[in-house]
Amino acid sequence: MIARVPNHKPVGEDVSRLGLLLAVVIGAALRFWNLTLASQHTDEAFTFALSALPVPALLHNVVIHDFHPPLFYLFTHYLMAWFPKPQWDYRYITSLFGCLTIVATWGAARRMFGPLAATIAAACVALTPALVQHDRMYRMYAVTVALCTLSWWLLLEIEQTTGRRRIVLATMYAIVAVALPLIDYFGILMLAAQGLYALTRRRALSPVLLGIGLAAIAFVPWIGALREQLPLAGVTLSRPALDIGLANSIAGAFAAGTPTHWFGWPGGAVAALLAVTVVAVAGAWLGLRSALPFWLSVLAIQIAGSVLIGKNLAYFPRYLLVDIPPMCIAVGLELSTLAAARFRFAAAALGAALLAFFGFTASNVVFDPYYQFPDWYAVNALMLAHEKPADAIVLDAAYESLVVRNYTAFRGHTTLTFMNPGDFDPILSWIARHPSRRIWYLEHQNFYWDAQRRIASSLGMTRRTLVSKQWQHRLAVDDVSVTLFDKVPELPMTRVR
């Protein structure tokens, strides 16, 4: 049976549906506000560049240049072919999936814990800044989160349904289950958790086990490609551990949009980690007889797997997006339990504080450039104001070129890119052979590609700086700096006697 909070209903079904409608309206407003005005993220540009290839080349490049399954790229390939639009317009699709996540979270929470928990969970998902930010990007993250959440909702409905409706729900679950591992490998972890829960209720959830079996069969043709991707997949600068890197990832996923000084006090760096741990443990305990502990276990599996196998399954905030809906449901369960236990004032105060926190931080990621992804339009505008036809450009991440290659300040210029140590010497050699060329140097995530800043240091030793501009962001991975280095000065002529 599905576990529920005690049968004290602070809100009824009609009020809960009204709360869902309000959550969807607010969530949609945050996700669709000026959606197409931002410059592309490098991940978006990579997605479109890869998806534009013929299907055989697309599949080949997914295997050798990416660490994801192929289905999202194939979907994008045919979407671009059958419904050609400006690329930023496709963001509306992923934003719609973000709205689906809100509805599916409400449905799953309502089925497990009642209308009040569902209303709170939907409101939290609608406002969670990391989800808002990534739902506004055309990438598989929003689709993965939505389908993972939807699959849990379908599972819970199947458990309580009979007859023809059960068949329809089982068919929908099978379709989602087959798609998930082929969109994002984290779907495998989600299906594994669902399979474990279904094994504890085999009679009621046999269609779920069948759907997971079909998903496993459908994934078999891709296993060889996965084996090719594995050696470089999840590679990190240092081996994952229970350290500040995990704390920062948790904060980036569950507390995005917070001002830096909020975590500047002693111990503040682990505050989000501790809060998430408390909420998860309390939610698992209160929902012990429900599916929630199995759903929450995916986060623990990601962390433990990262530490044990040395692969990054949890140390980028975007990898933890799939864990946000169950955490929001845990919050809804905890607050509704307080309300049912006659602590309604405490529950209301905590809920209001949480929604105020999410509202403030969500507004940051939507309206304040400091909390957003890089603005490549601003970079282009600066360069366009100072460029000359003979200028060359050095990009410290090759993926940047996919975003800016058709921008007005970049067209017609020699552009050099690097992402590997083997790229350094050819670029340094080119720079040495062209002392009379001014060089623009764009730095973005240099700690991945050129931590010692070899190329920038080499340019600075022989050339003076003409233009320099930095765009700092809340997260260092979004910082961008642009420097224009002058020609190498000519040596003064000496008279020979």
Side-chain angles (χ1 to χ4, degrees), residues 3-13 15-24 26-27 30 101-102 105-106 108-110 112-132 149 247 250-259 261-263 265 267-288 290 292-293 295-296 299 320 323-365:
R4 286 185 182 269
V5 294
N7 194 27
H8 304 132
K9 294 186 177 180
V11 300
E13 294 289 350
V15 176
S16 182
R17 291 189 179 94
L18 182 60
L20 169 63
L21 177 61
L22 184 60
V24 171
I26 294 174
L30 291 170
T101 300
I102 301 170
T105 300
W106 178 87
R110 174 181 169 275
M112 288 189 286
F113 305 121
L116 178 57
T119 304
I120 296 170
C124 290
V125 165
L127 293 172
T128 300
L131 287 182
V132 171
T149 310
I250 292 287
F254 295 94
T258 52
H261 65 269
W262 282 20
F263 297 113
W265 46 275
V270 298
L273 175 60
L274 292 176
V276 166
T277 302
V278 169
V279 170
V281 171
W285 175 259
L286 291 172
L288 192 60
S290 73
L292 186 58
W295 198 348
L296 289 168
L299 174 58
L320 304 180
D323 304 303
I324 293 176
M327 289 294 299
C328 292
I329 293 175
V331 169
L333 169 60
E334 289 151 16
L335 293 181
S336 62
T337 301
L338 278 177
R342 303 187 187 281
F343 293 102
R344 294 187 181 183
F345 179 79
L350 288 171
L354 184 64
L355 293 180
F357 169 79
F358 279 149
F360 171 72
T361 52
S363 68
N364 280 342
V365 302

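Starting from 1, each residue takes its place in the sequence as its number. It should be emphasised that the depicted structure is a prediction, and the values quoted were computed from it without experimental measurement.
Rounded to the nearest 0.5 Å, atoms CG (L30) and OG (S363) are 8.5 Å apart. With rounding to the nearest 0.5 angstrom, the CG atom of L20 is 10.0 Å from the CZ atom of R110. The structure places CG of L350 at 11.0 Å from CG of L355, a figure rounded to the nearest 0.5 Å.
Heavy atoms only, all atoms of each residue included: L292 and A330 are closest at CD2-CA, 4.0 Å. Considering all non-hydrogen atoms of both residues, A109 and A118 come closest at CB-CA, 3.6 Å. Listed here is the closest heavy atom pair of A253 and A130: O-CB, 3.2 Å. For the residue pair P115 and G12, the shortest heavy atom distance occurs at CB-O, 3.9 Å. Heavy-atom minimum distance, I102 versus G27: CD1-CA, 4.0 Å. Here the closest heavy-atom approach between residue L296 and residue A284 is recorded as CD1-N, 3.8 Å.
The side-chain heavy atoms of N364 and P129, taken from C-beta on, include no pair separated by under 4.5 Å. Contact annotation: the side chain of L127 never approaches that of F357 to less than 4.5 Å [non-hydrogen atoms, C-beta and beyond]. Here the side chains of T105 and T101 are in contact, with some heavy-atom distance below 4.5 Å. Two residues are said to be in side-chain contact when any heavy atoms from C-beta on lie closer than 4.5 Å; T337 and L333 meet this criterion. Proximity of F113 to L286: side-chain heavy atoms (C-beta onward) are nowhere separated by under 4.5 Å. Under the 4.5 Å side-chain criterion, counting only non-hydrogen atoms from C-beta, W295 is not in contact with S290. Within the 4.5 Å cutoff, no side-chain heavy atoms of T119 are placed close to those of V15. Contact check for V276 versus D323: no side-chain heavy atoms found under the 4.5 Å cut-off.
In this structure F360 satisfies the ring pair (Phe, Tyr, Trp, His ring centres under 6.0 Å) test together with W262, sequence neighbours excluded. Not counting sequence neighbours, the partners of W106 by the side chain to side chain donor-acceptor pair (under 3.5 Å) test are S16.
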List the steps, then state whether side-chain contact (heavy atoms from CB on, under 4.5 Å) holds for L273 with T277.
CA-CA 6 Å; L273 175 60; T277 302; 4.1 Å; yes

